[in-house]
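In what follows, residues are counted from 1 in the order of the sequence shown. Only heavy atoms go into these numbers, but all of them, side chains included; no hydrogens, no water, no symmetry mates.
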Amino acid sequence: MTDKFLPHIELVQLKEAQSGGDPNAYYDLLCQPLHAELYRRQDFAFFDELNDMQQMLICYDYILNNVLQGGFIQLIQNGYVNMLLPMPEWLGTIGDKHMAQLLAEALKAYVDHKDILDKETTVEEFAALYNKLPVFHALDNQFQILHPQTINHILAYATIHIHEFANIAG
């Protein structure tokens with residue numbers, strides 16, 4: 001069995017991020033070391049070395065970046081739909097029932113339109129999916145509304161369970 005990966009974060013950095021008033025700074029402090037290690041290894045097998053909450057964090061970050069940029073259709077077309085599967089359970093663990101429900105609905109919409117969404121597309125065909133599948137408009141809008149609350153849920157959980165996210169030094 002592989003040891004779990006825990007990045008090292010200095011206590012001073014952690015305290016500054018927690019008290020700085022910018023939830024994005026705290027979120028990035030927890031998330032960026034995971035991305036850096038994933039990039040260094042160039043292998044998603046790295047996920048096996050992460051605990052559930054770290055996996056939730058990195059999956060949510062991929063979802064967040066794709067959905068805010070181009071909606072759930074972009075997330076799906078970029079090949080990250082599998083990251084939606086465990087999210088409702090993980091989000092339930094941290095007390096975020098609303099985003100858990102929304103991601104379950106996005107997954108259902110994907111399944112309902114899997115035949116269209118799983119096809120390789122040209123740039124023009126990809127752009128046409130937004131008009132062809134309006135069900136995703138409401139999901140994208142709801143995600144934008146809920147995502148700040150989700151970040152707050154993640155950070156509140158991380159504050160109480162920081163040792164699930166990092167080794168704190170100093």
Side-chain angles (χ1 to χ4, degrees), residues 2-41 43-72 74-76 78-110 136 138-170:
T2 308
D3 288 332
K4 296 295 181 188
F5 173 84
L6 282 175
H8 295 280
I9 297 176
E10 295 296 322
L11 182 60
V12 171
Q13 276 184 293
L14 177 65
K15 293 296 181 191
E16 284 176 11
Q18 288 174 331
S19 64
D22 179 8
N24 292 324
Y26 185 16
Y27 178 84
D28 287 344
L29 181 67
L30 298 176
C31 200
Q32 290 311 313
L34 301 176
H35 283 296
E37 187 66 15
L38 179 61
Y39 180 78
R40 186 184 74 74
R41 294 186 192 199
D43 187 354
F44 269 96
F46 169 59
F47 264 56
D48 295 338
E49 294 179 40
L50 301 177
N51 63 46
D52 284 350
M53 291 296 100
Q54 290 172 306
Q55 288 180 17
M56 177 205 59
L57 185 62
I58 203 163
C59 285
Y60 185 75
D61 201 53
Y62 271 88
I63 293 166
L64 173 69
N65 287 312
N66 277 269
V67 174
L68 290 184
Q69 214 173 50
F72 283 102
Q74 178 176 305
L75 176 82
I76 294 163
N78 283 343
Y80 298 126
V81 70
N82 60 330
M83 292 185 171
L84 291 174
L85 293 170
M87 288 303 296
E89 182 179 342
W90 288 336
L91 290 169
T93 298
I94 66 167
D96 191 352
K97 295 175 187 151
H98 297 292
M99 184 62 82
Q101 179 63 38
L102 176 68
L103 295 183
E105 289 172 21
L107 196 52
K108 182 186 179 316
Y110 162 72
F136 286 102
L139 297 170
D140 294 343
N141 290 337
Q142 191 64 20
F143 184 90
Q144 288 186 15
I145 292 166
L146 291 177
H147 112 82
Q149 295 168 351
T150 299
I151 297 294
N152 289 338
H153 280 285
I154 290 170
L155 296 178
Y157 182 91
T159 299
I160 296 168
H161 305 278
I162 192 63
H163 296 292
E164 291 182 38
F165 295 88
N167 280 323
I168 306 305

Worksheet, complete the sentence: Heavy-atom closest pair (Ala106 atom, Phe136 atom, distance to 0.1 Å) is O-CE2, 4.1 Å

Item to complete: State, to 0.1 Å, how close Ile9 and Ala166 come at their nearest heavy-atom pair, and which atoms those are.
Response: CD1-CB, 3.5 Å

Worksheet item: How many angstroms lie between atom CD of Glu164 and atom CG of Leu30, to the nearest 0.5 angstrom?
Response: 11.5 Å

Worksheet item: Just wondering, are more than 12 heavy atoms of other shown residues or ligands nearer than 6.0 Å to CZ in Phe44?
Response: yes

Worksheet item: Near Glu89 CD, under 6.0 Å, is it more than 12 heavy atoms from other residues, nucleotides or ligands?
Response: no

Worksheet item: Quick one: does Asp140's side chain get under 4.5 Å of Val67's, heavy atoms only?
Response: yes

Practice prompt. Look up atom CG in Leu84 and atom CD1 in Ile63, then write down how far apart they are to the nearest 0.5 Å.
Written response: 4.5 Å

Worksheet item: Could you go step by step and tell me if Leu139 and Gln142 meet the side-chain contact (heavy atoms from CB on, under 4.5 Å) rule?
Response: CA-CA 5 Å; Leu139 297 170; Gln142 191 64 20; 5.8 Å; no

Worksheet item: Does any N or O in the side chain of Gln55 come within less than 3.5 Å of the main-chain N or O of Phe47, such that one atom is a donor and the other an acceptor?
Response: yes

Discussion item. Salt bridge check, Glu105 against Lys108: does any charged N sit closer than 4.0 Å to a carboxylate O?
Written reply: no

Fill in: From CA spacing to verdict: side-chain contact (heavy atoms from CB on, under 4.5 Å), Val81, Leu107
CA-CA 8 Å; Val81 70; Leu107 196 52; 4.2 Å; yes

Item to complete: Nearest 0.5 Å please: distance from the OG1 atom of Thr150 over to the CG atom of Leu155.
Response: 10.5 Å

Discussion item. Check the orientation of Tyr62 and His35. Use parallel for under 30°, tilted for 30 to 60°, and perpendicular for over 60°.
Written reply: tilted

Discussion item. Donor-acceptor pair, distance only, cut-off 3.5 Å: does the side chain of Lys97 make one with the backbone of Pro88?
Written reply: no

Discussion item. Quick check against the 3.5 Å criterion: does Asp22 have a side-chain atom that pairs as donor or acceptor with the backbone of Ala17?
Written reply: no

Item to complete: Calculate, to the nearest 0.5 Å, the distance between atoms NE2 and CD belonging to His147 and Gln149 respectively.
Response: 10.5 Å

Practice prompt. Could you tell me whether the side chains of Tyr27 and Asp61 share a donor-acceptor contact shorter than 3.5 Å?
Written response: yes

Worksheet item: Any idea which heavy atoms bring Met87 and Met83 closest together, and the distance?
Response: CG-O, 3.0 Å

Worksheet item: Just by distance, do the side chain of Gln144 and the backbone of Asn141 share a donor-acceptor pair under 3.5 Å?
Response: no

Item to complete: Name the orientation class of the two ring planes belonging to Phe165 and Tyr157 (parallel below 30°, tilted from 30 to 60°, perpendicular beyond 60°).
Response: perpendicular

Item to complete: Would you please indicate yes or no on a ring centroid separation below 6.0 angstrom for Phe46 and Phe5?
Response: yes

Practice prompt. Could you check if a side-chain atom of Pro7 sits within less than 4.5 angstrom of a side-chain atom of Gln54, using non-hydrogen atoms only?
Written response: yes

Worksheet item: Does atom NE2 of His8 have more than 12 heavy-atom neighbours from other groups under 6.0 Å away?
Response: no

Discussion item. Distance alone, cut at 3.5 Å: any donor-acceptor contact between the side chains of Thr159 and Tyr26?
Written reply: yes

Practice prompt. Enter the distance from Asp43:CG to Glu49:CD here, rounded to the nearest 0.5 Å.
Written response: 9.5 Å

Item to complete: Working to the nearest 0.5 Å, report the span between CG of Leu91 and NE2 of His153.
Response: 9.0 Å

Worksheet item: Do the side chain of Asn51 and the main chain of Met53 share a donor and acceptor less than 3.5 angstrom apart?
Response: yes

Worksheet item: Hey, are the side chains of Met56 and Asp52 touching, using non-hydrogen atoms and a 4.5 Å cut-off?
Response: no

Practice prompt. Hey, can you tell me if Phe72 and Phe143 have their rings parallel, tilted or perpendicular (30° and 60° cut-offs)?
Written response: perpendicular

